[in-house]
Novice: 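Have a look at this one before I ask anything.
FYI, the numbering just counts along the sequence from 1. Just so you know, ligand 1 is whichever comes first in the structure, and atom 1 is the first atom listed for that ligand.
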Amino acid sequence: MTELNKIALKIISNGKGILAADESNGTMTKRLEAVGVPSTAENRLLFRESIMSSQSMKECIGGVILYDETINQTTSFGKSIPDLISSSGAVPGIKVDVGAKDLANSSEEKITEGLDGLRERLKKYYSLGARFTKWRGVYIISEKYPSKLAINCNAHALARYSALVQESKMVPIVEPEVLMAGDHSADICLKKTSEVIKKCFDELILHKVDLSGIILKPNMILAGSHSKNKISNEEVSQKTLQCLKNSVPNEVPGIAFLSGGQSEIEATENLNLINKNNKTNFIMTYSYGRALQQSALKMWSKNIKDIEATQNTFNHRAKMCTLAAQGKWSHALENK
Ligand code: 5MM
């Protein structure tokens, strides 16, 4: 077992999952303003240190993805954020892409940037305590999209990023997110997501990335958010498993899904069914942003000093997701 494989397994084994708290300041500002809290560096830290000090950090969360601002912050009780995460037994991680920019010659699509100077930034993040990283490519679905161009160049960037991250002794999370927006069917999502993931692995292999030392972070297979033909949760799990079984090499230790705009319950129920029906060797867990933090953020916004209520809400959500990562979740437990 390589060191990278050990780190990956530490993050995702035994029902543990990933807290994706890597919202850039722009996105975090939208999230905070939506619940009526001013987006200051102090408030962003207060919410994040509250949930990152909760009990479920020890029991449910194997890794936390941070944003550059947060990995450099010190909590109000004097610990650095990476130390706070490590002291709960979880692994600190960092988003290293600098965002999705318009793709030249296909301006409705995006290419994720951040390769320039990445080797040097990785050294700095390692010294701050990070042991894994994240890079997200985004793809839209329509009749003509994602284009071959977007599929190829995002896969190339994800592979170059992964190779550099492994060189720096950290585990890359490879996140190709096929967005839910649109009126497409689940079968179109299945076809296009499979194409995207397969191309990512072609490039990862070309770039000699050690596949046992990565974590894949894909979307689930869903009908578009405006589709009239929604499918059942059972079908979501079956199609998602079909996609991954056919496009992910066996060496990959685990898959940590993004929630992508699903509600907290939907994302939990789908993950639970995926695990119940999983006949592959892949660990299937969560790397949720919104589906882990939404309720906690709402609760926190009622009284930003009431840390206990915020933590209770977060603990419940994390516990439900961890049960789902083991196929042990139920509606009854949700409402207990
Ligand atoms: C937490 O949100 C991340 C993106 O932030 P920016 O758009 O501000 O850079 C995002 O990459 C996230 O990690 C994943 O998409 C998963 O989040 P969801 O909310 O889809 O589970």
Novice: Go through ligand 1 atom by atom and flag the ones less than 4.0 Å from a non-hydrogen atom of Glu177.
Specialist: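 Taking each heavy atom of Glu177 in turn, ligand 1 has 15 (O) under 4.0 Å.
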
Novice: So, Tyr139 versus Glu177: side-chain donor-acceptor pair below 3.5 Å or not?
Specialist: no

Novice: In the protein, which heavy atom is nearest to atom 8 (O) of ligand 1, and how far is it?
Specialist: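 Ranked first by proximity to atom 8 (O) of ligand 1 is Thr27 OG1, 2.4 Å.
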
Novice: At less than 4.0 angstrom from any non-hydrogen atom of Tyr288, what atoms of ligand 1 do you find?
Specialist: 21 (O)

Novice: Can you find a non-hydrogen atom of Met28 under 4.0 Å from ligand 1?
Specialist: no

Novice: Quick test: of every protein heavy atom, which one is nearest to atom 1 (C) of ligand 1, and how far off is it to 0.1 Å?
Specialist: Asp22 OD1, 3.3 Å

Novice: Strictly by modelled atom types, are Asn277 and Glu234 linked by a side-chain donor-acceptor pair under 3.5 Å?
Specialist: yes

Novice: Could you check whether Lys245 and Thr280, counting side-chain N and O atoms only, form a donor-acceptor pair closer than 3.5 Å?
Specialist: no

Novice: Using a 4.0 Å heavy-atom cut-off, say whether Lys95 meets ligand 1 through its side chain, its backbone, both or neither.
Specialist: side chain

Novice: For ligand 1, which atoms sit closer than 4.0 Å to a heavy atom of Leu258?
Specialist: 16 (C), 21 (O)

Novice: What do you reckon, are the aromatic ring centroids of His156 and His207 less than 6.0 Å apart?
Specialist: yes

Novice: Looking only at protein heavy atoms, which one is nearest to atom 13 (O) of ligand 1, and what is the separation?
Specialist: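 Ranked first by proximity to atom 13 (O) of ligand 1 is Lys134 NZ, 2.8 Å.
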
Novice: By number and element, which atoms of ligand 1 are closer than 4.0 Å to a non-hydrogen atom of Ser259?
Specialist: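 Result: 18 (P), 19 (O), 20 (O), 21 (O).
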
Novice: Report yes if Ile65 has an N/O atom closer than 3.5 Å to an N/O atom of ligand 1; otherwise report no.
Specialist: no

Novice: If we ignore hydrogens and angles and just use 3.5 Å, is the side chain of Lys239 paired with the main-chain N or O of Leu190 as donor and acceptor?
Specialist: no

Novice: Would you mind listing which atoms of ligand 1 come within a distance below 4.0 Å of any non-hydrogen atom of Ala20?
Specialist: 1 (C), 13 (O)

Novice: Record the part of Glu23 in heavy-atom contact with ligand 1 below 4.0 Å; permitted values are side chain, backbone, both and neither.
Specialist: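 The part of Glu23 near ligand 1 is both the backbone and the side chain.
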
Novice: Run the numbers for me: atoms of ligand 1, each under 4.0 Å from some heavy atom of Gly289, listed by number.
Specialist: 17 (O), 18 (P), 19 (O), 21 (O)

Novice: Can you find a side-chain donor-acceptor pair between Ser76 and Glu49 that sits under 3.5 Å?
Specialist: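 The criterion, which ignores hydrogens and geometry beyond distance, is satisfied for Glu49 and Ser76.
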
Novice: Among side-chain atoms of Ser185 and Asp187, is any donor-acceptor pair under 3.5 angstrom?
Specialist: no

Novice: Are Gly260 and ligand 1 in contact, using a heavy-atom cut-off of under 4.0 Å?
Specialist: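 Heavy atoms of Gly260 do come under 4.0 Å of ligand 1.
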
Novice: Side-chain donor-acceptor pair under 3.5 Å between Ser87 and Lys79, yes or no?
Specialist: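 Their side chains do contain a donor-acceptor pair, which is all the 3.5 Å distance test asks for.
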
Novice: Between Gln238 and Gln242, do the side chains contain an N or O donor and an N or O acceptor separated by less than 3.5 Å?
Specialist: no

Novice: For Asp202, does the CG atom have more than 12 heavy-atom neighbours from other residues, nucleotides or ligands under 6.0 Å away?
Specialist: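 Check passes, neighbour count above 12.
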
Novice: What residue and atom, counting heavy atoms only, is the protein's closest point to atom 15 (O) of ligand 1, and at what distance?
Specialist: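 Nearest protein contact, heavy atoms only, for atom 15 (O) of ligand 1 is Glu175 OE2, 3.1 Å.
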
Novice: Could you find the nearest protein heavy atom to atom 16 (C) of ligand 1 and give me its residue, atom name and distance?
Specialist: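 Among all protein heavy atoms, the one nearest atom 16 (C) of ligand 1 is Lys217 NZ, 3.5 Å.
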
Novice: Hey, which atoms in ligand 1 end up nearer than 4.0 Å to a heavy atom of Arg290?
Specialist: 18 (P), 19 (O), 20 (O), 21 (O)

